[in-house]
Structure formats: C-alpha cells, structure tokens
Amino acid sequence: MKIVYMGTPDFAVAPLKALIENGYDVVGAFTQPDKPVGRKAVLTPPPVKVTALENNIPVFQPDTLKNGEGVKLLEDLKPDLCVVVAYGKILPEDFLAFPKYGCINIHGSILPEYRGAAPIQRSVLDGCEFAGVTAMQMDKGLDTGDMLLVEKTRILSDETSGDLYERLTVIGAEVLIKTLHLVENGELQPVKQDDSQSTYAAMLDKSMSPVDWTKSAQEIHNQIRGLDPWPVAQTVLNGKNLKLFRSSLVSDIGDGKPGEALPLKNGLAVFCGDGNAVLINEVQYEGKKRMKSADFLRGCPIEKGTILG
RNA sequence: CGCGGAGUAGAGCAGCUUGGUAGCUCGUCGGGCUCAUAACCCGGAGGUCAGGAGGUUCAAAUCCCCUCUCCGCAA
C-alpha cells in the first residue's frame, strides 16, 4: 500500500517513524515550508522534513493545496492512502477524495471533543481527567470525519501540555498502525461523531499568559501546566515579567491575599483567589535563564507579602 | 545591523558609578548541640571574575576596544 504522509511538528514524527519501521511504503511526505525560527530568524525545516529526508522519502512543501495544486502532486505519487498528522493546512475535497482509501487523520483528542488546532493543550488547560488520540476518516469539515479508532489516557495531575504531547505522540503512532491493520483487513467500523457533543480547541496565543491570581489554585495550576511549553504562564514582579513553570498545589501554609508571594524553603508559593496556594517550582525572570524558584529566591529575595501580577 | 538584560566558587546573586590583595545566600566537607532534624552553632575546601600574552594604569572583576555565549521583548 502506497502512503503519502502529511505532517509538520514533532508530534508527527513518531507516527511517520512507525510507518517506516512497520514496512509501509511511504512514497512522499508533505510538510509546511521551512520557517524562520528564534531571535536570529534562522530558516529551519520542520521536524517531519528532517525525518523524511533521513529516510530518503521525497519531501513536498507546497504553499497551497487549493486549486488542484495538491492533487497535481498526488497524481505522480499515486497513493492508496494519505495519513495526516498535525499538517497545518486544510485539505480540499478533491485532495481528500483522490486516494483509494481517502485520508486518515490522527487527532490529539477524544473526538468529538476538542476538534481543532490545540486539543492537547486545551484539555490540560481545562483540567480534563482524560486525553486521547482519535483516528478518523477525514471529510471536508474540521475534524468532523467518522471515527475509526480511539485510545484514551489519564492526564496526570502535574502533567504539562508538553509532557502529555510526548505521551500522545507515542500513542498516536500506535493508533495509526492499528488503524492501518484494520484498513488492510477491511475491518474498519467507522463511527459517526455526535456533533451535539463537539467542542472546539482554538489555537493558544500569548494573551493567555498573564495569571489572574483571583482564580482558584486549581485553575491557575491548570493554566501554568497547560501553557507549558508555550506560550507559558506569566506574572509580574518588580515591573518585570516572570514566567512560571512546574507548579503544584500546596496546602496548610496559612492565608494570604490573591497574588501574595510566600518564599519557602523549597520554592516560591503564591496565594490564589480561593485561599489555596500554588507552589511554583521553576521560574524564568526577564533576561534570566529558567531556574528552580528556590535558586531564584537566593539571588532575588522576595519579601513575604509582595503581591505579584 | 529591530529593542533590551546577562556572563564572578557546584547553584543563585552582590561588587563595577567613585580602579587598590573577591563577598552574600545555598550546597559541599569536617566538628558540635539535640531523642531527632531540611533546625541551630563552629570551622574548612572550592574562583585564570566568558575569551582576547588587547588598550589605559604603579595597579583592572571594576575604565576603553574587539569576539563568543545565554536570555527577555518584538517579529
């Protein structure tokens, strides 16, 4: 079976490798064009491109698939199936219909919940108990296709989006291979999504970073882990930005006003709106490196009672 | 050449303006106190102060010049 793989970020690397290791004939890899990255704006190829090239798979980085541009490329590759994992572009209908088995997408949520761009982050942000990966048969809607296989996993209480991302990419690779076995054996049992239960996971942006300390400790904890590794929860200290990482909920440390800092032996605790507090285990002050908050306090003492934000 | 912060002991920082034998908090090692301790007390080790046999000077972590690296903002 000839497969065209379509994906861009790290999340899409493990599934691609799984295809290769399981002997599938990956005849081409579609990925986003190289983009400038970092302060120096170095032109960087997306992870999937790197992996594909290492395995001598032809790489395609079209700016658009619309107006028949995408199909034009498929006509040469003649895939039986397209596998799409976090590709980052909308596939037009003529493209979806081209391969014999259509296009199968690996999505980082338990559909129909969290359709869209940032399902993993949103599920951490919302404090969900479970996350998962769904394989689906793509249709013209956004993550609306029939579900082929679902795998769930429990979200750990201190897990960040980045942590969960790494776990789900592994699960995603497994789900993909299992789904392909079903395809090959003609055992697929597509299940329609219940649109009435669907939710949309919008892309994250930097405006979500500032912490509102009047929220509950649990909500703030979810924000800190959900926005890690990007865009990262942030507060203000001495007029400068302070990024917050690796929080945990603490109890029995007394009372304080929302945003009130409490320097502790093992790090920086901050009181929240519900009277509880979060312990911030790692911070990054403007212009400084990321470090343990206990280390930060050694060089930049914060008086008890200082209000953050 | 987008704006800005920073490189000093294992860690986090001060010292630089007003040059003159390197300091704080923590860790570490040894000892003491204690039923006990991540607590407390005493003592010790540990630094070519990012690099340039650079410039100024009697003397440079500190002033001037060049290079490298890290980071925040903006994209």
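Letters A, B, ... are given to chains in the order of the sequence lines, protein chains preceding strands, and every chain is numbered from 1. Note that the structure is a prediction, hence the values are computed from the model and not measured.
A:K292 comes within contact range of no nucleotide atom at all, as no heavy-atom separation falls under 4.0 Å.
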Identify each atom pair where a protein N or O and an N or O of nucleotides 8-10 of chain B are less than 3.5 Å apart, giving names and distance.
none

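For the P atoms, the distance linking B:rG55 with B:rC41 amounts to 49 Å, nearest Å. Separating the P atom of B:rC64 from that of B:rG23 is a span of 25 Å, rounded to the nearest Å.
The CD1 atom of A:I106 sits 11.0 Å away from atom CD of A:E151, with the distance rounded to the nearest 0.5 Å.
Between A:K288 and B:rC73 there is no side-chain polar atom (N or O) within less than 4.0 angstrom of OP1 or OP2. Dashed line: the shortest gap from a side-chain N or O of A:K289 to OP1 or OP2 of B:rG5 is not under 4.0 Å. Phosphate contact (OP1/OP2 of B:rG72, side-chain N/O of A:Q284, threshold under 4.0 Å): present. The phosphate of B:rA74 (OP1 or OP2) has a side-chain N or O of A:K206 nearer than 4.0 angstrom.
As the counterpart of B:rG30, B:rC42 is assigned, both hydrogen-bonding distances of the Watson-Crick or G-U wobble pattern falling under 3.5 Å. Judged by Watson-Crick or G-U wobble contacts below 3.5 Å, the nucleotide B:rG19 has no partner. Using N1 to N3 plus N6-O4 or O6-N4 for Watson-Crick, or N1-O2 and O6-N3 for G-U wobble, each under 3.5 Å, B:rC73 pairs with B:rG2.
Comparing B:rC73, B:rA11, B:rA39 by their closest approach to the side chain of A:D295 singles out B:rA11.
Look at A:E282 and A:R290 and you find a salt bridge, because one of the NZ, NE, NH1 or NH2 atoms lies within 4.0 Å of a carboxylate O, short of that distance.
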